[in-house]
Number of protein chains: 2
Amino acid sequence: MAPQRDDARKPVAPRHARPAPLAESPAVQRRTGRPMGRVRIEDVAAEAGVSMKTVSRVLNDEPNVSDATRERVRAVVERLQYRPHPSARVLAGRRSYLVAMLYDNPSSNYLMEVELGVLDACQAQHYNLMLAPVTYDAKDIVSKVEALVLQSRLDGVVLTPPITDDAALLARLDELGIPWSSISPREANRRVGVVVDECSAVVEMIAHLAGLGHRRIAHIKGHPAHGASEWRLAGYLDGLARAGIECDPALVVDGGFSYDSGFEATNRLLELPDPPTAIFAANDDMAAGAIGAICERGLSVPRHVSVCGFDDTPIARHIYPSLTTVRQPTREMGRLAGLELLKEIRGQGQGGLVTVPYTLQLRRSTGPRP
Amino acid sequence: MAPQRDDARKPVAPRHARPAPLAESPAVQRRTGRPMGRVRIEDVAAEAGVSMKTVSRVLNDEPNVSDATRERVRAVVERLQYRPHPSARVLAGRRSYLVAMLYDNPSSNYLMEVELGVLDACQAQHYNLMLAPVTYDAKDIVSKVEALVLQSRLDGVVLTPPITDDAALLARLDELGIPWSSISPREANRRVGVVVDECSAVVEMIAHLAGLGHRRIAHIKGHPAHGASEWRLAGYLDGLARAGIECDPALVVDGGFSYDSGFEATNRLLELPDPPTAIFAANDDMAAGAIGAICERGLSVPRHVSVCGFDDTPIARHIYPSLTTVRQPTREMGRLAGLELLKEIRGQGQGGLVTVPYTLQLRRSTGPRP
DNA sequence: GTGAAAGCGCTAACAT
DNA sequence: ATGTTAGCGCTTTCAC
């Protein structure tokens with residue numbers, strides 16, 4: 001007589017008491033007569049009359065399932081409202097379904113928006129997003145990130161400026177075979193990620209100011225570690241040249257992307273013997289600082305001095321006067337960076353470097369030369 | 001002859017190829033002669049000469065381990081840089097080590113800060129935080145949250161205003177046995193969470209304005225669904241009474257916590273036959289809108305009208321003139337709410353309702369009555 | 001105070 | 001095209 005093969009398949013009593021007295025899978029009710037809190041892949045398989053593995057194949061879009069079976073399984077999944085247990089997938093599988101976004105400055109409006117975009121992309125493909133603050137100038141950044149990647153079994157990382165330009169880090173990630181995607185990387189060679197043509201945007205902005213009659217146009221530079229600072233400076237210089245304005249080096253001053261740095265830089269500019277009539281700050285926060293400094297001297301914007309920024313963060317609409325700035329689609333950039341990364345991770349085509357469009361937002365902080 | 005018991009314990013060849021050619025546990029090297037990417041609890045146990053379960057006890061601060069053993073295991077954990085695999089813990093255990101923060105408005109500065117605070121608390125205790133956007137006026141909010149809680153096996157939730165005042169939701173969470181913690185709940189009875197004495201803060205603010213000579217002080221109310229709107233209105237009325245000022249109902253206007261609502265409300269106030277000389281807006285965004293509306297009419301702050309807000313979000317420092325406001329320690333509030341929740345979850349004492357202090361931030365947007 | 005064995009719910013490898 | 005089996009790394013139960 002053959003061994004009792006049916007018995008071997010019979011589910012044993014579960015170890016833990018089932019917690020919730022809620023929705024219940026018919027398959028489980030039939031089997032156990034007990035209420036339970038969660039439908040499992042086994043229940044779906046039983047209900048659809050296939051093996052667990054077939055259900056797994058359908059769930060993961062793997063080949064070798066007939067269309068009919070696929071449809072039947074999908075219907076049961078839907079009816080039972082089955083969702084795979086994330087931890088079980090991670091533990092059993094090769095993937096962690098986890099990507100991290102590496103960033104330096106934790107509380108900027110810019111990164112916040114980028115984060116939301118990356119989250120959009122991840123959620124759509126049932127990946128999780130982990131936020132990983134990294135001090136970009138720390139000496140051990142490479143080993144810190146390596147520990148994180150290994151510890152959390154990351155499937156990939158999204159890199160934000162300026163971390164995205166750390167050559168040693170990129171090399172190590174490549175060695176580890178961890179896919180990565182860059183947001184606004186300084187160099188575009190062989191990259192996956194997303195960029196904006198910032199230089200052209202600034203050229204347009206300078207043309208706008210020149211069109212208003214301004215000749216003495218100052219620039220407050222961004223933080224030197226960021227590629228954006230470089231592009232925005234390049235656009236400023238190019239824009240001046242195209243407008244036939246000779247650049248006065250005294251009108252180009254250092255900044256660091258913060259409100260305070262914009263405030264101080266503007267004070268220096270206004271104390272010049274021949275001060276500017278317009279200021280292009282490398283981001284909105286510094287532009288806000290510029291407006292603060294100008295107003296504090298009893299001058300007014302744009303009557304005495306025009307001011308413009310870059311990024312179009314919420315503050316641009318909320319200060320008085322509202323800020324002329326360059327809008328980059330920050331959230332969309334996060335989403336696209338996430339999408340390209342997931343392409344690489346899931347091996348569904350090569351990720352690439354996507355260029356997204358900017359828009360000039362003309363508001364009240366720029367006006368005719370006094 | 002006894003069965004080959006040693007054989008039974010001998011590790012079998014692992015199913016997956018080990019990915020990373022990096023750090024290696026001595027125990028594993030000895031056992032397998034292969035490099036591997038990760039130390040496991042088994043390696044720690046072998047190295048410390050105890051069972052897996054004992055290591056597990058030490059890791060989870062469970063009783064029934066001698067101090068000597070505990071120390072020895074801790075040392076090995078440290079030396080091997082062992083970290084438990086999160087998914088394995090979740091899958092095997094009863095807990096998910098996951099809490100969610102439920103919120104309505106995804107992009108407010110306020111919630112952003114709260115989030116960072118909750119994250120502080122969670123990370124310190126190796127819990128994960130999940131962000132859960134919930135439209136607070138959706139009809140099916142209870143079932144939505146229920147699905148989330150069951151699906152993700154949440155160990156607990158942090159509730160933010162105004163969701164934290166949804167009685168049906170709270171009742172359901174109690175039924176499910178899910179611990180929750182409230183940030184600024186409307187009613188304080190039997191709650192776990194954190195509150196600020198907002199009413200007293202506003203009373204002080206009104207006293208500040210009255211001290212500057214203002215008698216016609218307007219109030220732009222917050223969104224009616226939020227308890228905060230109620231307290232801030234109550235503080236306004238109480239503050240007026242204490243200053244011996246009779247309340248003019250025409251000076252109390254509706255708002256919704258947004259910049260635009262503050263802007264519009266202020267336009268209405270300034271068109272009054274006898275307009276106010278000071279405006280207390282129920283939050284900073286509306287105060288920024290008030291300043292915008294005042295400036296747009298060619299008036300100046302605080303020379304013609306004083307303005308003050310509530311929250312001390314970053315915009316308060318970044319607008320001109322800088323905003324007099326009430327500072328609530330938002331991030332700390334998030335942290336404390338998280339801490340109290342984790343107390344409940346981990347059964348280490350009862351969570352309670354913590355009151356945190358506010359501070360008046362006097363800046364440039366308030367001045368003497370014109 | 002400590003350990004052995006049995007799963008948690010899923011997927012990889014290898015049948016068929 | 002589909003099923004079977006053996007784990008993933010940890011915690012639980014229960015025996016000692």
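All figures in this text were calculated on a predicted structure; none of them were measured in a lab. Values below: every heavy atom of this structure, side chains too, minus hydrogens, waters and symmetry copies. Sequence lines set the chain letters: A, B, ... in the order given, protein chains first and strands last, and positions in each chain run from 1.
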Side-chain N or O of B:S56 versus OP1/OP2 of D:dT11: is the shortest distance under 4.0 Å? yes
Here the gap from A:L131 atom CG to A:L119 atom CG, rounded to the nearest 0.5 Å, amounts to 8.5 Å
Out of D:dC10, C:dC10, D:dT2, whichever nucleotide has its closest atom nearest the side chain of A:M52: C:dC10
Using whole Å, report how far CD of A:E42 lies from C1' of D:dT5. 14 Å
Could you tell me the separation between the CG atom of A:N128 and the OG atom of A:S96, rounded to the nearest 0.5 Å? 8.5 Å
Starting from P on C:dG3, measure out to CD1 on B:I41 and report it in whole angstrom. 12 Å
Are any of B:R94's side-chain N or O atoms less than 4.0 Å away from OP1 or OP2 of D:dT13? yes
Is there a donor-acceptor contact under 3.5 Å from the side chain of B:E340 to the main chain of B:V192? no
Looking at B:D155 and B:Y97, would you say the former's side chain and the latter's main chain have a donor-acceptor pair under 3.5 Å? yes
Hey, is the side chain of A:S66 poking within less than 4.0 Å of OP1 or OP2 on D:dT2, counting only N and O atoms? yes
Could you tell me whether B:V90 contacts a base, only the sugar-phosphate backbone, or nothing, with contacts defined as non-hydrogen atoms closer than 4.0 Å? nothing
Over how many whole Å does the gap from A:L80 atom CG to C:dG9 atom P extend? 15 Å
With no angle test and no hydrogens, is the base of C:dG1 tied to the side chain of B:R70 by a donor-acceptor pair under 3.5 Å? no
Ranking B:P63 and B:A88 by the position along DNA chain C of their nearest nucleotide, the one closer to 5' is B:P63
Could you tell me whether the phosphate oxygens of C:dT11, OP1 or OP2, come under 4.0 Å of any side-chain nitrogen or oxygen in A:R89? yes
Could you tell me the separation between the NZ atom of A:K53 and the P atom of D:dT4, rounded to a whole number of Å? 14 Å
B:V50 side chain, from C-beta outward: closest of C:dG9, C:dG3, D:dG3: C:dG3
B:L91 CG to D:dT12 P, straight-line distance once rounded to whole Å: 12 Å
Hey, is the side chain of B:Y97 poking within less than 4.0 Å of OP1 or OP2 on D:dC10, counting only N and O atoms? no
Could you check whether B:T69 gets within reach of a base, just the sugar-phosphate, or nothing at all, counting any heavy atom under 4.0 Å? sugar-phosphate
If we only count heavy atoms from C-beta on, is the B:H85 to A:R153 side-chain gap below 4.5 Å? yes
Distance check: side-chain N/O of B:T54 vs OP1/OP2 of C:dG3, anything under 4.0 Å? yes
If I take atom CG in residue A:N60 and atom C1' in nucleotide C:dG9, what distance separates them, rounded to the nearest angstrom? 13 Å
For atom CG of A:L59 and atom P of C:dC10, their distance in whole Å: 8 Å
Separation of D:dT13 C1' from B:E62 CD (nearest whole Å): 12 Å
